[in-house]
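In what follows, chains are A, B, ... by sequence order, proteins preceding strands, each numbered from 1.
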Number of protein chains: 2
Amino acid sequence: MTLDWTERFQGTAALPRAVRNRLVDVARIIHMDEGAQVFGPANVPDSLFFLYEGRIRVSQSSESGREITLYRVDAGESCVLTTACMLAEEAYNAEGVAESEITAVVLPKPAFDRLVAEEEAFRKFVFAAYSKRLIDLLRVVDDVAFGHMDVRLAERLLALTGDLKEISATHQQLASELGTAREVVSRVLSDFQKREMIAQSRGRIALIDKNALKILAGSK
Amino acid sequence: MTLDWTERFQGTAALPRAVRNRLVDVARIIHMDEGAQVFGPANVPDSLFFLYEGRIRVSQSSESGREITLYRVDAGESCVLTTACMLAEEAYNAEGVAESEITAVVLPKPAFDRLVAEEEAFRKFVFAAYSKRLIDLLRVVDDVAFGHMDVRLAERLLALTGDLKEISATHQQLASELGTAREVVSRVLSDFQKREMIAQSRGRIALIDKNALKILAGSK
DNA sequence: CACGTTAGGTGACAATGTCACTGAAGAAGT
DNA sequence: ACTTCTTCAGTGACATTGTCACCTAACGTG
């Protein structure tokens with residue numbers, strides 16, 4: 001895979017050809033299967049990570065076993081949390097898990113340092129990536145601290161479903177998205193069902209009234 | 001104030017003299033009073049911010065009027081959230097308020113870009129700052145999503161009190177620290193009082209059994 | 001000292017989290 | 001097909017936290 005993968009990356013500006021070529025020179029391509037842990041407390045990376053294909057879910061989990069999704073790394077984005085983890089001595093409990101088969105570009109730290117030093121476009125890209133994640137986390141804090149469960153769940157359902165009509169997701173998975181307990185998701189979903197906004201079957205949820213969900217997601 | 005203020009800054013490495021001198025050349029010193037809004041939604045900065053003296057409290061507030069402290073910027077640290085805000089087109093609702101009189105070094109964006117490009121020590125400092133804030137926010141998410149109120153409040157009381165015996169803080173202020181409601185703080189505090197861990201008077205809380213608080217803060 | 005302002009207390013109720021348990025749906029083996 | 005096992009979902013009881021309305025106490029000011 002020697003193609004121009006850097007075209008995929010969305011920085012504040014597209015990376016110019018010269019930078020791309022330099023990246024291709026020093027980068028290593030890796031593949032991972034769905035479900036693989038890309039990074040985590042027991043798996044601290046010493047390299048920088050740029051996702052070419054697939055999607056990574058970054059989550060945080062509590063001692064008690066609950067879990068919350070912090071954000072997702074999409075194709076074309078980098079995962080700066082790994083850099084943060086490298087620098088931080090503090091313990092953290094975030095992990096990244098491949099949601100699909102992924103292809104990533106791995107840049108060893110020295111190469112990263114050199115590129116950051118020498119290529120402005122690359123630098124901008126990295127700073128933009130950091131900023132995006134900070135903003136993502138602000139949103140998570142806002143949601144968890146101030147948001148209502150029904151609204152948050154409606155948002156997630158819409159986001160996860162996209163243009164489709166239904167998704168396959170267990171109540172437990174949705175609970176892990178939102179950082180709550182399965183029972184809470186069950187309660188809210190059965191309320192949605194009573195109000196005829198969704199239909200449920202084992203492991204599947206069909207959105208039969210997206211409009212109502214959107215109205216709900218935008219309220220409170 | 002032409003002193004070597006960069007000595008104050010704690011990066012991964014202390015900034016070497018050459019960098020300091022360059023910084024002093026391009027920087028502007030500003031002062032603000034306690035209570036002043038350093039940055040916020042209505043006050044997006046176009047410069048980088050390095051705190052020399054004082055302390056800034058960075059918080060996020062909800063539509064409904066509740067508020068939560070995200071982290072504090074201490075003397076010697078920079079406030080990267082401002083950079084993130086500059087880059088982000090998204091709406092955010094974080095703000096920074098001076099908790100004391102502050103002195104800060106303001107670096108216009110072009111100067112910042114030049115320094116980042118040319119000085120490795122400065123670059124490291126900035127990356128470390130970003131990483132620290134990311135980790136800070138992870139901690140906030142963990143607290144809010146999974147933490148228990150009594151534990152969180154005990155932690156805050158200990159942190160805010162430091163080596164002293166008591167602090168002056170209203171229940172509302174503590175609620176704003178933790179992103180909860182005043183009534184909740186009142187309830188937990190009266191429980192602490194009943195258990196003789198603290199003593200309360202209007203606007204003041206005395207920690208009479210720090211040990212018990214520490215035990216509580218470390219549990220759950 | 002009267003008054004207004006702010007801090008704090010209280011009770012009722014709603015929303016969410018926790019626990020223990022039950023039943024239902026699918027998967028796998030015979 | 002039938003049994004068995006595992007995973008998923010539903011339920012009721014209770015604890016914690018959030019919300020609302022209202023009250024009382026402490027302080028500051030004229």
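A side-chain donor-acceptor contact under 3.5 Å links R66(B) to the backbone of A145(A).
The phosphate of dG8(C) (OP1 or OP2) has no side-chain N or O of S186(B) nearer than 4.0 angstrom.
Across all non-hydrogen atoms, the minimal contact from D150(A) to L216(A) is O-CD2, 4.0 Å.
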Please write out each protein N/O paired with an N/O of nucleotides 16-24 of chain C under 3.5 Å, distance rounded to 0.1 Å.
{"residue": "dT16(C)", "atom": "OP1", "partner": "M149(A)", "partner atom": "N", "Å": "2.7"}
{"residue": "dG17(C)", "atom": "OP2", "partner": "T180(A)", "partner atom": "OG1", "Å": "2.3"}
{"residue": "dG17(C)", "atom": "O3'", "partner": "R66(A)", "partner atom": "NH1", "Å": "3.2"}
{"residue": "dG17(C)", "atom": "N7", "partner": "R187(A)", "partner atom": "NH2", "Å": "2.8"}
{"residue": "dG17(C)", "atom": "O6", "partner": "R187(A)", "partner atom": "NH1", "Å": "3.4"}
{"residue": "dT18(C)", "atom": "OP1", "partner": "R66(A)", "partner atom": "NH1", "Å": "3.2"}
{"residue": "dT18(C)", "atom": "OP2", "partner": "R66(A)", "partner atom": "NH1", "Å": "2.5"}
{"residue": "dC19(C)", "atom": "N4", "partner": "E183(A)", "partner atom": "OE2", "Å": "3.1"}

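The aromatic rings of F112(B) and F122(B) sit perpendicular, their planes meeting at an angle over 60°, well past the 30° parallel limit.
D191(A) places its CG atom 16 Å from the C1' atom of dA9(D), with the value rounded to the nearest Å. Across the protein-nucleic acid pair, F192(A) atom CZ and dA15(C) atom C1' stand 14 Å apart, rounded to whole Å. In this structure, the CG atom of L189(A) is 15 Å from the C1' atom of dT11(D), given to the nearest Å. Across the protein-nucleic acid pair, K194(B) atom NZ and dG8(C) atom C1' stand 15 Å apart, rounded to whole Å. Atom-to-atom, CD of Q200(B) to C1' of dG9(C) comes out at 10 Å; the value is rounded to the nearest Å. When rounded to the nearest whole Å, the span between NE2 of H171(A) and C1' of dT11(D) equals 14 Å.
In this structure the side chain of T180(A) never reaches within 4.5 angstrom of the side chain of L153(A), judged on heavy atoms. Within the 4.5 Å cutoff, side-chain heavy atoms of V73(A) are placed close to those of R133(A). A heavy-atom distance below 4.5 Å is found between the side chains of V151(A) and E155(A).
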